[in-house]
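Some notes on the structure that comes next.
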Amino acid sequence: MSESAAAATADAQGKSESTGTVIVAFAMNVLIAIAKTIAALVTSSASLVAEAAHSWADAGNEIFLVTAEHRAHKTPDAQHPAGYGREAYVWSMFAALGLFVAGAAISITHGITQLINPEPASDFLVGYIVLALSFILEGISFAQSVRQIRREATQYQRDFLEHVVKTSDPTLRAVFAEDAAALIGLVIAAAALGIHELTDSPIPDSIGSILIGLLLGYVAIHLLNRNRRFLVGEEADEKVRSVAIRSLLDQPEIERVTYLRLEIVGPRMLDMVAEVDLVGNQVEQAVATQLRDLEQRVCAMSPVIVHAHVGLSVADEPSIHS
């Protein structure tokens with residue numbers, strides 16, 4: 001049970017820390033987006049236009065991610081007894097779509113347009129200064145997400161990248177992926193701008209814009225796919241299952257666990273269905289057989305019921321009526 005208590009503490013800390021991580025990312029992205037927009041207007045650089053679109057998309061996405069954090073942790077009610085955790089994946093999908101449309105599509109389209117009708121850039125020093133400042137600010141946001149991932153990875157006994165892929169927290173994964181893409185994009189933009197200045201040709205700058213767009217498209221598709229998988233239902237990994245089984249077996253009345261389903265239903269939220277063998281053997285075997293037959297009949301009666309788990313009620317529980 002100590003492992004469960006530690007996990008609960010980690011989850012509570014993770015919820016508030018994820019919100020803080022998103023807020024830091026939002027503040028950094030707004031500042032960066034303003035600076036890049038000004039630099040793009042001054043220099044006419046295609047890569048800086050792509051980077052400005054990228055940062056505005058990221059800033060807008062943080063609003064979706066804050067909404068995801070807020071909505072996912074609403075108190076369960078009669079209409080949603082398992083809570084609202086899956087809303088986090090819905091809002092995070094909106095954020096990923098925003099990154100794809102406002103970031104990737106605009107960057108690629110602008111880069112292709114500049115290839116067809118090239119426009120030389122100017123005031124390269126302004127572009128370099130803004131890109132350098134943007135790298136520092138993006139690095140601050142990235143460092144915040146890395147710290148949180150590292151801490152959680154240790155608590156869940158995972159490698160760093162393993163936790164990035166497997167974490168049920170879509171906001172943390174999105175901020176990390178977007179910040180990592182932003183840092184890579186800044187390097188691409190700086191290289192494209194530098195080659196533009198050296199060769200006096202706008203073509204490398206246009207190619208830089210397209211490359212940034214392709215990078216954002218890849219990140220957006222990855223985030224969309226992860227959120228899709230959580231929305232349709234995904235089992236917790238083996239390490240989490242092992243902790244849950246040990247916690248069940250620590251209960252004095254449980255002799256063995258014969259079935260366990262742990263479905264992720266939100267950030268750090270699981271739906272558990274378990275079947276256990278209780279200590280002793282009074283009329284348990286007959287009751288278990290009867291309940292299993294009932295579960296099969298319930299599923300056979302209605303095609304909309306894909307899984308039924310019928311347990312025993314406590315004598316003082318009130319009856320419900322149709």
Side-chain angles (χ1 to χ4, degrees), residues 13-43 45 47-70 88 91-92 94-104 106-107 126-152 160 163-164 167 169-191 193 208-209 212-213 215-220 222-223 267:
Q13 292 172 343
K15 290 171 186 175
S16 60
E17 193 171 8
S18 290
T19 302
T21 298
V22 174
I23 291 172
V24 169
F26 176 75
M28 295 300 104
N29 280 318
V30 169
L31 292 173
I32 292 166
I34 293 171
K36 286 179 180 177
T37 301
I38 294 172
L41 292 172
V42 171
T43 63
S45 165
S47 294
L48 277 170
V49 170
E51 276 298 302
H54 177 188
S55 293
W56 283 118
D58 281 353
N61 291 345
E62 310 309 335
I63 297 174
F64 286 121
L65 296 179
V66 169
T67 303
E69 278 291 301
H70 172 71
W91 290 97
S92 296
F94 290 157
L97 282 170
L99 182 65
F100 188 83
V101 175
I106 290 176
S107 299
V126 173
Y128 296 139
I129 292 172
V130 168
L131 289 174
L133 290 174
S134 298
F135 196 89
I136 293 170
L137 293 175
E138 289 285 7
I140 293 171
S141 176
F142 184 68
Q144 168 66 19
S145 63
V146 167
R147 280 194 296 270
Q148 183 180 352
I149 291 169
R150 219 172 249 147
R151 189 177 301 114
E152 289 187 10
F160 181 87
H163 189 64
V164 171
T167 179
D169 185 347
T171 59
L172 178 59
R173 177 171 35 253
V175 171
F176 173 82
E178 290 176 5
D179 286 346
L183 292 172
I184 296 171
L186 288 168
V187 173
I188 293 173
L193 195 62
S209 178
I212 291 169
L215 172 66
L216 299 183
Y218 172 79
V219 171
H222 172 72
L223 293 176

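Residue indices begin at 1 and follow the sequence shown.
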If we ignore angles and hydrogens, is there a donor and acceptor under 3.5 Å between the side chains of [X] and [Y]?
{"X": "Thr171", "Y": "Asp169", "value": "yes"}
{"X": "Gln144", "Y": "Arg147", "value": "yes"}
{"X": "Asn29", "Y": "Ser55", "value": "no"}

Could you pull out the closest heavy-atom pair between [X] and [Y], with the gap in Å?
{"X": "Ala189", "Y": "Glu51", "answer": "CB-CG, 3.8 Å"}
{"X": "Ser107", "Y": "Ala53", "answer": "OG-CB, 4.5 Å"}
{"X": "Ala181", "Y": "Val219", "answer": "CB-CG2, 3.8 Å"}
{"X": "Ser141", "Y": "Val175", "answer": "OG-CG1, 4.3 Å"}
{"X": "Ala57", "Y": "Gly103", "answer": "CB-N, 4.0 Å"}
{"X": "Ala177", "Y": "Leu223", "answer": "CB-CD2, 4.2 Å"}

Roughly how far apart are [X] [atom1] and [Y] [atom2], rounded to 0.5 Å?
{"X": "Leu186", "Y": "Leu48", "atom1": "CG", "atom2": "CG", "answer": "9.0 Å"}
{"X": "Ser145", "Y": "Asp179", "atom1": "OG", "atom2": "CG", "answer": "5.0 Å"}
{"X": "Leu137", "Y": "Ile32", "atom1": "CG", "atom2": "CD1", "answer": "5.0 Å"}
{"X": "Leu216", "Y": "Ile184", "atom1": "CG", "atom2": "CD1", "answer": "10.0 Å"}
{"X": "Ile140", "Y": "Met28", "atom1": "CD1", "atom2": "CE", "answer": "5.5 Å"}
{"X": "His163", "Y": "Arg173", "atom1": "NE2", "atom2": "CZ", "answer": "9.0 Å"}

Exercise. Is any side-chain heavy atom of Phe135 less than 4.5 Å from a side-chain heavy atom of Val130?
Worked result: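 No, side chains not in contact.
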
Exercise. Are His54 and Leu99 close enough that some pair of their side-chain heavy atoms sits under 4.5 Å apart?
Worked result: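 His54 vs Leu99: side chains touch.
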
For this session: Output all residues satisfying ring pair (Phe, Tyr, Trp, His ring centres under 6.0 Å) with Phe176, sequence neighbours left out; order by chain, then residue number.
Result: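 Once residues adjacent in sequence are excluded, the partners of Phe176 under the ring pair (Phe, Tyr, Trp, His ring centres under 6.0 Å) criterion are Phe142, Phe160.
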
For this session: Quick one: sort the Trp91 and Phe94 rings into parallel, tilted or perpendicular, breaks at 30° and 60°.
Result: perpendicular

For this session: May I have the step-by-step check of side chain to side chain contact (heavy atoms under 4.5 Å, CB included) for Phe26 and Leu65, ending in yes or no?
Result: CA-CA 10 Å; Phe26 176 75; Leu65 296 179; over 6 Å; no

